[in-house]
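Read through the structure below, which is laid out as structure tokens, and then see the notes.
Note that these values count all heavy atoms, side chains included, but never hydrogens, waters or copies made by symmetry.
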Amino acid sequence: MTTSRQAASKTPVIAPRFDNLCAFVERLKARSVLASEEQRAVLALPVQIVDVPAKQDFVPLGDETSHCCFIASGLVARVGQVKNGSRQITAFHIPGDMADLHSAVRPVGIGGLTALCDTRILRVSHLAVRLVAQRYPAVAEAFWRDCILDAAILMQWAVNVGRKDGRSRIAHILCEMAIRYGRGTMDDALHEFAFPVVQEQLADAAALTSVHVNRCLRSLRESNIATVRNGIVTIFDWDALVKAGEFDPSYLIADTAPDRQRRLIAE
Amino acid sequence: MPHYHLHLYNSAETHDAEGRDFPDLAAAKEEAIRSSRDLMAEHVKAGEAVDLDHRIDVADDSGKVLASIGFRELITIKDSRVGLG
């Protein structure tokens, strides 16, 4: 068992890092048809680089923002908080995501954003986002779909934390991240990837205590299904992980089939 | 912030290699208590026995155990049939 784990880790796992909005355009193109002029218009959005240290809120809860945040590197959580200070992570945002695209039209009242590790953000002003959407209806349509993907993920998370046991919740999150860090399809789900979370953050995402998360991870490890160690996820048995997480990827990929990508609004 | 490890000793031992930061030992103990109650509740919900000998140890980075939270101390069971009558 130990041998196969070591063998899987031979090639170094490199965390994604982007310098521009190319990855965001790719994310949009997975669900929407964009002409090259429209793609160029999104790529040409002016950005401002902001480096956020680990554990810092960069969109504080309740604050109104004037820009959207593209994740260039690192890892971001959307969070809500209750009176005693404990937090619930309601989404993970990974490099390539525009974490709060919706804020261009709703700049307040949808939780805060916090960096879980050292993170680079490319800020895009709401005004610029609205202008490109106004000029190119296909881009507006693609933005709309992108926001709905985030809503679909959130809905699935509610089911995950509301109706599954601890081990299943953790397995579900690992399946989702394997697909999102990969090329967004079930077949290309990564079997080893950097996911720089600690147990405490997984606990906040799965609505468990960190002791419980540790116990669930031990169970997945001892069943030779998956490990999470030092921010690296290694999946030994994808089918078993999917089963353990009761994972159905429709919420992530249903709209990526070519016949689903046709323009419905834009000419 | 100081770093503590919460090791779980129930039907099997779950060593907390990673640990996490807490403002102080009292906060770490509070989390150990919360976690113990949460695990007991899981057992009750699953229809499994709650073993009062189980515990969570709070240790520092050197492995020294600073506090031990026994499940026995965290649960009260009322039952009129086995009461003092």
message: Sub-4.5 Å heavy-atom contacts with chain A: which residues of residues 38-46 of chain B show up?
response: B:Asp38, B:Leu39, B:Glu42, B:His43
message: Report, in residue-number order, which members of residues 49-61 of chain B are under 4.5 Å from chain A by heavy-atom distance.
response: B:Ile56
- line: For residues 14-27 of chain B against chain A, heavy atoms under 4.5 Å, the residues are B:Thr14, B:His15, B:Asp16, B:Glu18, B:Arg20, B:Asp21
- prompt: Side chain, backbone, both or neither: which part of B:Ala32 has a heavy atom under 4.5 Å from chain A?
  reply: neither
- prompt: Taking atom CD of B:Glu30 as the centre, does the number of heavy atoms from other residues, nucleotides or ligands within less than 6.0 Å exceed 12?
  reply: no
message: Please output the residues of residues 198-217 of chain A in contact with chain B, using a heavy-atom cutoff of under 4.5 Å, in numerical order.
response: A:Val198, A:Gln199, A:Glu200, A:Thr209, A:Ser210, A:Val211, A:His212, A:Asn214, A:Arg215
